[in-house]
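Reviewing the structure listed below.
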Amino acid sequence: MVVSDLDPLSPSLHSADVVVQLPAVDDPGYGQAVADIAAREGVGAVLPLTDLDPVILAEAAPLVEQAGARVFLPSAAVAAGCQDKWLCHEMLEAAGLPSPPTWPVDGTDRGTLPYPMMIKPRIGFAGRWIHRCDDRQELDFFLARTPVASVLQQALPGEEFSIDCLASLDGRAIAAIPRAMYQSKGGEQIKGETLDDPQLVDLAARTIEGLGLVGPCTIQCFRQGDRVLGITDINTRFGGGFPLPLAAGGDYPALILAMAAGQEVAPRLGEYRTGVVMTRFLS
């Protein structure tokens, strides 16, 4: 495993087989640097582990693939759409997939909105700058103090779920493992359980193939009773709670290596252990 991280205290550096130096993700030469390292180290698969570089790596995919590595990301347009809450809403609706009612901040009559509402950054991570507003007064208060471009989204009732997915390089659904989200902090799940839930597995497969997702991705949604109310997030990377589906039999790293080597990987939807519980802690 070849790892790069600008933070010298990053735990991933101490688990890597090889540590390499890359420029900052916003450096114009970042994509070329990834391609150069892929060629030098014989890297077969490139994928992001944070929300910082999926779009940049997707844009650099031709360079990286010329160096001999497969990039496990969708097209740059889809990767950008998954990061941007407004574009994601539009993509989901265009594909006939459920999305929460969503409005732009500018030009929307805040008095007629169906409260409670959520303020969400168009491009955000780690749960930052998200606010729940129960009325117009709260909405105006938080919007006046939100420093990033945002959207307004109806707060959904029901339960929240995550689905850890894997898609092939040509956008086929390979695996999907739904989990209950018992507790989260800072946008990261710390307690959860894998579920026997064909409806959520089917939702994940339709989302992967409807949007053209590639590689590992995490889909979050709300459901009330037997009705899925909306997909609220799509991360084109491993989720922070991935140790749970991994423990439940979702051996996505091995499947990625097989696909990077050119092997055909058959779909294994529904092939995982249910009732596996995870609780995370610092040690």
Side-chain angles (χ1 to χ4, degrees), residues 1-4 11-12 15-17 34 38 43-54 57-58 61 64-65 69-75 78-79 82 161-181 187-190 192-198 200-221 231 233-278 280:
M1 181 171 61
V2 180
V3 170
S4 180
S12 61
S15 300
D17 299 306
V34 172
V43 172
V46 171
L47 59 159
L49 294 179
T50 73
D51 293 320
L52 297 176
D53 55 350
L57 283 177
V64 176
E65 289 172 353
R70 303 289 187 96
V71 177
F72 284 81
L73 281 165
S75 69
V78 172
C82 290
F161 300 90
S162 275
I163 315 166
D164 295 280
C165 309
L166 183 65
S168 67
L169 289 163
D170 59 355
R172 291 179 296 109
I174 298 296
I177 301 178
R179 49 184 163 96
M181 298 182 68
E188 294 283 352
Q189 181 175 348
I190 60 173
E193 179 179 2
T194 57
L195 304 172
D196 178 10
D197 200 315
L200 294 181
V201 172
D202 176 70
L203 175 68
R206 288 191 293 116
T207 303
I208 289 169
E209 296 178 3
L211 300 183
L213 301 178
V214 171
C217 52
T218 307
I219 298 167
Q220 291 176 224
C221 66
I231 294 170
D233 284 285
I234 303 174
N235 295 316
T236 53
R237 56 169 174 78
F238 285 112
F242 181 69
L244 175 54
L246 182 64
D251 197 2
Y252 294 1
L255 297 177
I256 288 169
L257 291 176
M259 288 188 282
Q263 298 176 25
E264 185 73 19
V265 173
R268 52 193 69 197
L269 296 168
E271 297 180 18
Y272 58 91
R273 291 196 301 135
T274 63
V276 180
V277 176
M278 177 188 74
R280 299 168 69 184

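Remember, it's a predicted structure, so these values are computed and weren't measured experimentally. FYI, side chains are in, hydrogens and waters are out, and symmetry mates aren't considered; it's all heavy atoms of this structure.
Shown here for Gly250 and Ile177, the closest heavy-atom pair between the two residues is CA-CD1, 3.7 Å. When all heavy atoms are compared, the tightest approach of Ala69 to Val43 is CB-O, 3.3 Å. Residues Phe242 and Pro253 share a closest heavy-atom pair of CZ-CD, 4.0 Å. Pairing each heavy atom of Met181 with each of Phe161, the nearest pair is SD-C, 3.7 Å.
In this structure a side-chain-to-backbone donor-acceptor pair under 3.5 Å is missing from Tyr272 to Ala247. Proximity of a side-chain donor or acceptor of Arg179 to a complementary backbone N or O of Met278 within less than 3.5 Å is not detected.
Taking CG of Asp197 as the reference point, atom CD1 of Ile163 lies at 8.0 Å (rounded to 0.5 Å). Arg70 contributes atom CZ, which lies 14.0 Å from atom CG of Leu47 (distance to the nearest 0.5 angstrom). Atom OG1 of Thr194 is separated from atom CG of Leu244 by 5.5 Å, given to the nearest 0.5 angstrom. Separation of atoms CZ (Arg237) and CG (Asp51) is listed at 4.0 Å; rounding is to 0.5 Å.
Applying the side chain to side chain contact (heavy atoms under 4.5 Å, CB included) rule to Leu255 yields the partners Leu166, Ile174, Tyr252, Val265, Arg268; only residues at least two apart in sequence or on another chain are considered.
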Applying side-chain contact (heavy atoms from CB on, under 4.5 Å), run through Thr207 and Cys165 and close with a yes or a no.
CA-CA 10 Å; Thr207 303; Cys165 309; over 6 Å; no
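When each of Ile231, Asn235, Ile234 is tested with Gln220 by the rule side-chain contact (heavy atoms from CB on, under 4.5 Å), just one qualifies, namely Asn235. A side-chain contact (heavy atoms from CB on, under 4.5 Å) with Val214 is found for exactly one of Val78, Val71, Leu169, Thr236, namely Leu169.
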